[in-house]
Novice: 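Take this structure, written in structure tokens, and hold onto it; I'll ask about it next.
All figures in this text were calculated on a predicted structure; none of them were measured in a lab. Each chain gets a letter, A, B and so on, in the order the sequences are listed, and its residues count up from 1.
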Protein chains: 2
Amino acid sequence: MPSFTTKATISSFGGKLFKLSHPSSSTGTNMAINIYLPPQALSGSGQKVPVLIYLSGLTCSPENCSEKGFFQHGASKRGLAVVYPDTSPRGLNLPGEKDSWDFGEGAGFYVDATVEPFSTGYKMESYITKELPDTLFADEEFGKYLDGTKVSITGHSMGGHGALTLYLKNPGKYASVSAFAPISNPSKCPWGEKAFGGYLKTKEEWAKHDATELVKGWRKGDDLKMLIDVGTGDNFYKQGQLLPENFEKAAKEAGVSDGLTLRYQQGYDHSYYFMASFSDDHVDHAARYLGLL
Amino acid sequence: MPSFTTKATISSFGGKLFKLSHPSSSTGTNMAINIYLPPQALSGSGQKVPVLIYLSGLTCSPENCSEKGFFQHGASKRGLAVVYPDTSPRGLNLPGEKDSWDFGEGAGFYVDATVEPFSTGYKMESYITKELPDTLFADEEFGKYLDGTKVSITGHSMGGHGALTLYLKNPGKYASVSAFAPISNPSKCPWGEKAFGGYLKTKEEWAKHDATELVKGWRKGDDLKMLIDVGTGDNFYKQGQLLPENFEKAAKEAGVSDGLTLRYQQGYDHSYYFMASFSDDHVDHAARYLGLL
């Protein structure tokens with residue numbers, strides 16, 4: 001039986017965007033997910049295409065980046081699929097889950113929560129790294145199009161944090177990583193302190209979900225295969241929510257900064273206008289490591 | 001004194017998107033407008049860039065296409081500015097103005113209304129063809145970037161109707177025209193019948209705002225310089241709201257169909273996903289006639 005319910009199928013840049021949902025055992029909810037299949041997947045050749053997972057930022061659903069990020073433009077050109085998961089479970093009705101935009105619904109931070117009641121359902125790390133790919137690549141409808149051995153990851157803001165941390169924690173799982181305006185040292189910024197404080201019991205757990213801490217565990221000479229873009233006009237950057245400098249410093253100290261391309265984009269903000277302007281570059285970054293360029 | 005109030009300036013594809021408003025004597029209201037200046041305009045060379053006016057569809061404001069249409073991608077590459085006007089006056093508080101999504105606010109249909117009370121303020125034809133360009137190209141802040149002698153026009157749905165009719169009524173005013181899913185024969189579709197019935201007193205007036213009627217007045221051999229894309233999965237097309245066949249037939253009978261490129265895009269719908277997939281083509285169409293390609 002197919003695992004996904006198709007809510008809409010939309011033509012986009014020669015391929016198809018599928019708006020789907022599926023029951024998740026990690027979260028105990030139905031999870032929304034969008035998947036873009038490029039024309040190369042749908043050509044009838046039977047050739048499977050590599051996959052780029054895009055993790056969204058605070059308050060976002062799979063819809064925002066599908067409409068405004070323009071990853072489909074590059075994905076169509078290079079021949080990779082894009083998977084847009086949701087940012088949290090929805091509809092659990094836990095106390096406090098909807099009280100703020102930067103915690104709870106729409107703000108799962110890609111961790112497995114250990115603090116009650118969020119430890120029920122807020123299992124976004126397991127969902128993104130295990131359940132979703134296991135389900136998707138075995139799915140009878142979509143699995144035949146997707147090469148589950150060739151997967152890269154990217155994301156924006158909270159999703160950039162998710163992409164960096166899930167990549168750094170799982171060497172070999174993803175072919176490359178990139179991020180737009182990632183929360184790069186969540187233990188030391190207000191967003192991260194609030195979220196980690198609410199989801200995770202101990203400071204030791206915090207460190208396991210902090211890119212700046214995780215990169216310290218990489219070995220000198222390891223290739224990070226990492227592209228990060230940050231806009232210099234990004235108010236969240238200016239407010240110290242992103243702290244890419246801390247990450248860069250830790251990468252340098254670990255001796256792995258040769259594999260890090262960190263670009264400061266003059267005047268760009270935190271929005272989808274910023275991402276759309278550089279999403280082709282991020283698709284190309286993934287495409288190189290996925291054997292498409 | 002500058003004519004426009006700047007609400008936001010956003011970096012996009014190497015250029016800048018300006019979210020503006022200005023007092024309009026045509027409508028008697030403040031009109032919102034977005035303008036994209038490509039990097040070529042901002043290079044400091046003093047070279048003015050050609051302009052593509054984009055007319056939005058029903059319910060839309062300047063925001064929708066700025067975020068989701070992807071025109072900035074092509075405009076940045078080719079070096080043209082994009083002007084995104086609003087779709088009607090807002091805030092006049094006329095009776096019935098907000099009762100439906102396809103008439104009144106957000107649905108000005110690019111005509112000068114002759115029926116009261118809409119004849120007060122619903123002067124979108126005058127606004128788009130006269131007041132806006134006169135104001136913009138003379139403006140001390142923006143005029144210096146824009147070549148008011150090189151202007152093309154495009155639009156979506158109701159805005160496609162606007163682009164086609166304003167182009168056909170004003171030979172020589174625009175260098176070329178294109179449209180996505182335009183309402184091509186409004187006198188014969190429900191949207192057009194409702195809007196024209198509400199805004200215009202006589203059937204003679206209807207004909208002056210109907211692309212299929214207007215093209216009959218063109219002379220055999222005139223070059224239409226027109227590109228139209230319609231999605232075959234577009235529900236409004238299927239429901240007979242667009243009627244591009246009627247327009248094509250009239251263009252053929254007038255002997256001007258050599259200058260018409262009408263493409264049916266397999267499976268595409270009426271959405272911004274459709275437009276984003278082909279906006280590069282429409283920018284290139286304009287760029288050719290504006291001397292950029």
Novice: What closest approach, in Å, do B:Ser11 and A:Gly267 show between heavy atoms, and which atom pair accounts for it?
Specialist: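 Distance-wise, the nearest heavy atoms are OG-O, 3.1 Å.
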Novice: Count the heavy atoms belonging to other residues, nucleotides or ligands that lie under 6.0 Å from NZ of A:Lys238, then report whether that count exceeds 12.
Specialist: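 Yes.
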Novice: I need the A:Glu67 CD to B:Lys68 NZ distance, nearest 0.5 Å.
Specialist: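 Separation between the atoms: 4.0 Å.
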Novice: Taking non-hydrogen atoms and a cut-off under 4.5 angstrom, which of residues 43-59 of chain B neighbour chain A?
Specialist: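 Residues in range: none.
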Novice: Got more than 12 heavy atoms from elsewhere within 6.0 Å of NZ, A:Lys98?
Specialist: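 Incorrect, the count does not exceed 12.
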Novice: According to side-chain hydrogen bond (donor to acceptor under 3.5 Å, both in side chains), does anything in residues 283-293 of chain B pair up with another residue at least two apart or in another chain? List the pairs.
Specialist: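 Of all non-adjacent pairs touching residues 283-293 of chain B, those that pass side-chain hydrogen bond (donor to acceptor under 3.5 Å, both in side chains) are B:Arg78-B:Asp284.
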Novice: Return the OG to CZ distance between A:Ser277 and B:Phe13, rounded to the nearest 0.5 Å.
Specialist: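 Between atom OG of A:Ser277 and atom CZ of B:Phe13 there are 5.0 Å.
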Novice: Please flag which part of A:Ser66 lies under 4.5 Å from any non-hydrogen atom of chain B: side chain, backbone, both or neither.
Specialist: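 It is both, since atoms from each part get that close.
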Novice: Holding to side-chain contact (heavy atoms from CB on, under 4.5 Å), I want the full list of residues that pass it with B:Ser88, two or more places apart in sequence or in another chain.
Specialist: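 Partners of B:Ser88 by the side-chain contact (heavy atoms from CB on, under 4.5 Å) criterion, ordered by chain and then number, come out as B:Arg90, B:Glu105, B:Tyr122.
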Novice: Taking the side chain from B:Ser12 and the backbone from A:Tyr273, do they hold a donor-acceptor pair closer than 3.5 Å?
Specialist: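 Between the backbone of A:Tyr273 and the side chain of B:Ser12 there is no qualifying donor-acceptor contact (under 3.5 Å).
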Novice: Could you pull out all residues at least two apart from B:Lys225 that satisfy salt bridge (Lys or Arg N to Asp or Glu O under 4.0 Å)?
Specialist: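 By the salt bridge (Lys or Arg N to Asp or Glu O under 4.0 Å) rule, B:Lys225 matches no residue at all.
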Novice: When the aromatic ring centroids of A:His73 and B:Phe70 are compared, is their separation below 6.0 Å?
Specialist: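 Yes: the rings meet the under 6.0 Å criterion.
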Novice: What's the shortest heavy-atom distance between A:Tyr268 and B:Gly14, and which atoms?
Specialist: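 That would be OH-N, 2.7 Å.
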Novice: Where on B:Gln266 is there a heavy atom nearer than 4.5 Å to chain A: the side chain, the backbone, both, or neither?
Specialist: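 Backbone only.
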